[in-house]
Amino acid sequence: MEQQFLNWLGLLLLSAFIKLTLCYQDGFLSLTCGGNMNYVDSSNVSWTPDGYYVTKGNMTSVVFPEGTSSTSQSVRFFPDSSGRNCYRLPLQNTSSLVLVRTQFVYKNYDGLAKPPIFSVSLGTAITTTVNLAHTDPWIEEFIWTANKDVLPLCFHSIPNGGFPVISSLELRPLPPGAYSTALGDWSSKLLRKSYRINCGYVDGPLRYPLDPYDRIWDADEDFSPYHVSSGFDIQSNFSLSNIKESPPSAILQTGRVLARWNSLVYRLPLDNLGDYHVVLYFAGILPVSPSFDVLINDEVVYSNYTVARWEASSLFFTVRGIRSLNITLKAIAYYPLVNALEVYEILDVPMESSSTTVSALQVIQQTTGLDLGWQDDPCSPTPWENIGCDGNLVTSLRLSDINLRKISPTFGDLLDLKALDLHNTSLAGEIQNLGGLQHLEKLNLSFNQLTSFGSELEDLINIKVLDLQNNSLQGAVPDGLAELKDLHLLNLENNKLQGPLPQSLNRESLEVRTSGNLCLSFSLTCNENSTNSLLQTPQVTVFTPKKRDSNSHLAVLLGAVGGAVLALFAIAFSALLYIKRKRVESTYLPRYEVDMQSWGSARVFTYKEIKATTSNFKEAIGRGSFGCVYVGKLPGGKLVAVKVRFDKTQLGAESFINEVSLLSQIHHPNLVSLEGFCCESKHQILVYEFLQGGSLADNLYGTKSKKLTLSWVRRLKIAVDAAKGLDYLHNGSDLRIIHRDVKSSNILLDTDMNAKVCDFGLSKQVTQSDASHVTTVVKGTAGYLDPEYYSTQQLTEKSDVYSFGVVLLELICGREPLTHRGTPDSFNLVLWAKPYLQAGAVEIVDESLQGSFDAESMRRASLIACRSVERDALRRPSISEVVAELKEAYNLQLNYLGSCGDAN
């Protein structure tokens, strides 16, 4: 208990320190790496040592040559070349952009004159390779969308590349909505700075406090055309509200202007072949309004662009697959002018692994008693030690020579495993908790003390190699192993098995090794005096398949030819469909006003009406990968929620109209209703009723006073309402709609705490009445995602049931699905809460509910929640069953309150 208290106190102090640090300069975090004291620099930026944010590395300092601005600087270097060497950086606002700036300095601090080379990663993405032999110091800047509360920044050694080293690390919040065109799907992109030039300014870089976001604007050096500067205060004359990137006024006071030539050109070499985002800033600081064409690599990207006097504006472009960049302003009238420019390399961010998989691995790490360095994502940017991955799927796990003792149920959550090696891990008893690993192909449990096969091995339908040598397995080999049709090698050497082997294992494609057992063979009888000698066999066994005959080669050749013909046919057919679809889209829009007459209450809004309704999109209340949601007010005073799609999430015209048609047919008191829509050029907008009670997530995790209003009876009422809404989607009509993103933030409350399910942006309609599932790309929210759907991509109504089961656990426990508080085995709500609730342990129930609920009501709600989050979808109840059980729990709680004289 004392140690737990000390751990809690340490976390509390660290949290307070982080919050205190981030209060300076409106969210700035400035770390002096390897330093040991706080200080304030000449720009009034507060710097702090990095020790709270990193657990590895050695501290030292470097000495700069005479004549430089600094005499010495602290650095942190990482001599441990294995695994990841990471900073874990706290993010204040997990729905905004953040600038990450790192500086790496070598300056021969170790006296070896061998500048290091190493890779740097942010989150799951390798972002750059630092080569301090090329440039020293080396500065990198990235723009990252903060979608989590902690950002891992890691260094990865390169063989013979020396030790990674860093001198400073900075986080800076950026203007909301900036650089959104380049980032697009914000969860899968980040930007790496190539250039940020203060055009026409040659007296060094400008940054904070001139730029309140502390971007470094480099001087415009070594360029031939003239520069100009203003003689007045731009900030008081220019409106920058239309530029989301919010360039500082000081940057717009200077510009580069064409003097004699026909074109103003910036020639900018790039580090890598890739996609780049270009932003150009213009301010009318000349007494004329120049017009010009904008060319990127000699191609016109904007014709006859005019810089209006006394106005500021910007242009942005995404250029794909380039290695160098030429930006040309070709004169039409007067002289072309540009005030600043930015160029960013667009980097892809790999998908994260399943939260269920991550939590399971972290629990396994804890049970080993070892620090395996398993932190953050197991697959990206590089796989954890002892882990193998295919993309973001964990496909192999290698643990050996440790004291594991048993295979815990947590192993069963590693649903994508194809290879599992647990040899020499002190396993004893029967083989268990592996039956759910349907993709497993290789299983090595050799050199343990296992005594029984158990009953789950026969469920491993894809197993090819099963190595059980050097255990203490007793009795006969079970007949069920014969059902493993893909099994190529079964190694049973050096056990205590006896009796005849099942004849069904005696097949040409299967190699069975039996030496070193008491009496084990395919013969019906066995000589009691015969004993196979104990053989010391290799720990790793390999099965070599037989060579194919000539007929198989002919079959492959014919198959390849046939496949090529089919591929050509498919391409031609797809092209015809594409052309047809484009024709349909071009003629479809004029028809929607006629079609919508049969859609019930859905109203067609013009974009002008939408702008008036939202006061020009004044108040945003939500943001997702689809776009933003704004509060609006209709002419009669009714409040609405206006969902505006991003350009990159817009559907084809026909698809959007089909979606509106579908939503217009959904009418249920527990589903948020569609008020109308707007479908004009580049504008796809849905208008929903507005619920003033906020979301269930807001009420559960908002202020303490909000949470106290959510008594157990109210939580059950909310659960019943939401389940009834889902029941209507699944069973209420012929549509059979699967929501696909059920979560507490998609359950909204009115002022009377009645619940309605919202956001059908990811919903999927099952068009065939007899279809058991829909195969589709996995979408949803981490922590709520059905692991079976994630693994198979086969979507069913039971996927919604799993997500709703997570919501029920939230209502019961009062905590979010994923957290990094406490021990690793409590990170994932499902893995943590399910065993407790199944055992009837009510101590994990939300503390604000303690002493106020009927025990049987809680028991019934807990059991239906646990059944809903079963890993096997077949074992989950239907949503109709969930509704019935929750109603029973609700009535029990009402009766309990009635007997206590309290109906709240």
Notebook entry, point to check: Rounded to the nearest 0.5 Å, what separation is found between the CG atom of L372 and the CG atom of L399?
Noted result: 6.5 Å
Next item on the list: Would you mind listing every disulfide bond (SG atoms under 2.5 Å apart) that reaches into residues 363-409, with sequence neighbours excluded?
Entry: C379-C389
Check: Would you say the side-chain atoms of N471 and N495 include a donor-acceptor pair closer than 3.5 Å?
Finding: no
Next item on the list: Not counting sequence neighbours, which residues clear side-chain hydrogen bond (donor to acceptor under 3.5 Å, both in side chains) with T451? List them please.
Entry: none
Check: Do R398 and S396 have a side chain donor and acceptor closer than 3.5 Å?
Finding: yes
Notebook entry, point to check: Sequence neighbours excluded, which residues qualify as side-chain contact (heavy atoms from CB on, under 4.5 Å) partners of N506?
Noted result: Q503, F522
Margin query: Can you tell me how far apart NE2 (H739) and NE2 (H730) are? Round to the nearest 0.5 Å.
Written below: 9.0 Å
Note to self: Can you see whether S880 engages D727 through a side-chain donor-acceptor pair at a distance of less than 3.5 angstrom?
What the structure shows: yes
Checklist line | Which residues share a salt bridge (Lys or Arg N to Asp or Glu O under 4.0 Å) with K743, sequence neighbours left out | finding: D741
Check: Any idea which heavy atoms bring L785 and Y802 closest together, and the distance?
Finding: O-CE2, 3.4 Å
Check: For the atom pair CG (D390) and NE2 (H439), what is the distance rounded to the nearest 0.5 Å?
Finding: 11.5 Å
Notebook entry, point to check: With sequence neighbours excluded, what pairs up with S862 under the side-chain contact (heavy atoms from CB on, under 4.5 Å) test?
Noted result: I812, L837, M858
Check: Among D486, L487, L466, L443, which one satisfies side-chain contact (heavy atoms from CB on, under 4.5 Å) with L460?
Finding: L443
Next item on the list: Have a look at E881 and tell me which of R876, K887, R867 forms a salt bridge (charged side-chain N to carboxylate O under 4.0 Å, His left out) with it.
Entry: R867
Note to self: Tell me every residue that passes side-chain contact (heavy atoms from CB on, under 4.5 Å) with Q838, counting only those two or more places apart in sequence or in another chain.
What the structure shows: K834, C866, E870
Notebook entry, point to check: Have N403 and S426 got a donor and an acceptor in their side chains that come within less than 3.5 Å?
Noted result: yes
Next item on the list: Could you pull out all residues at least two apart from T395 that satisfy side-chain hydrogen bond (donor to acceptor under 3.5 Å, both in side chains)?
Entry: none
Check: Excluding sequence neighbours, so at least two apart, what forms side-chain hydrogen bond (donor to acceptor under 3.5 Å, both in side chains) with Q498?
Finding: none
Item checked: Pairs flagged by ring pair (Phe, Tyr, Trp, His ring centres under 6.0 Å) wherever residues 351-397 is involved - sequence neighbours left out -> W374-W384
Notebook entry, point to check: Under a 4.0 Å N-O cut-off, is there an ion pair linking K798 with D786?
Noted result: no
Next item on the list: Would you give the length of the straight line joining atom CD of E885 to atom CG of L808, rounded to the nearest 0.5 angstrom?
Entry: 11.5 Å
Notebook entry, point to check: How many angstroms lie between OH in Y784 and CG in D800, if you round to the nearest 0.5 Å?
Noted result: 13.5 Å
Note to self: Tell me if the CD atom of Q449 is crowded by more than 12 foreign heavy atoms within 6.0 Å.
What the structure shows: yes
Item checked: Contacts of D348 that satisfy side-chain hydrogen bond (donor to acceptor under 3.5 Å, both in side chains) - sequence neighbours left out -> K189
Check: Are L489 and D467 close enough that some pair of their side-chain heavy atoms sits under 4.5 Å apart?
Finding: no
Note to self: Can you list everything that forms a ring-ring contact (aromatic ring centres under 6.0 Å, His included) with Y728? Sequence neighbours excluded, please.
What the structure shows: H668
Item checked: Pairing residues for A855 by the side-chain contact (heavy atoms from CB on, under 4.5 Å) criterion, not counting sequence neighbours -> none
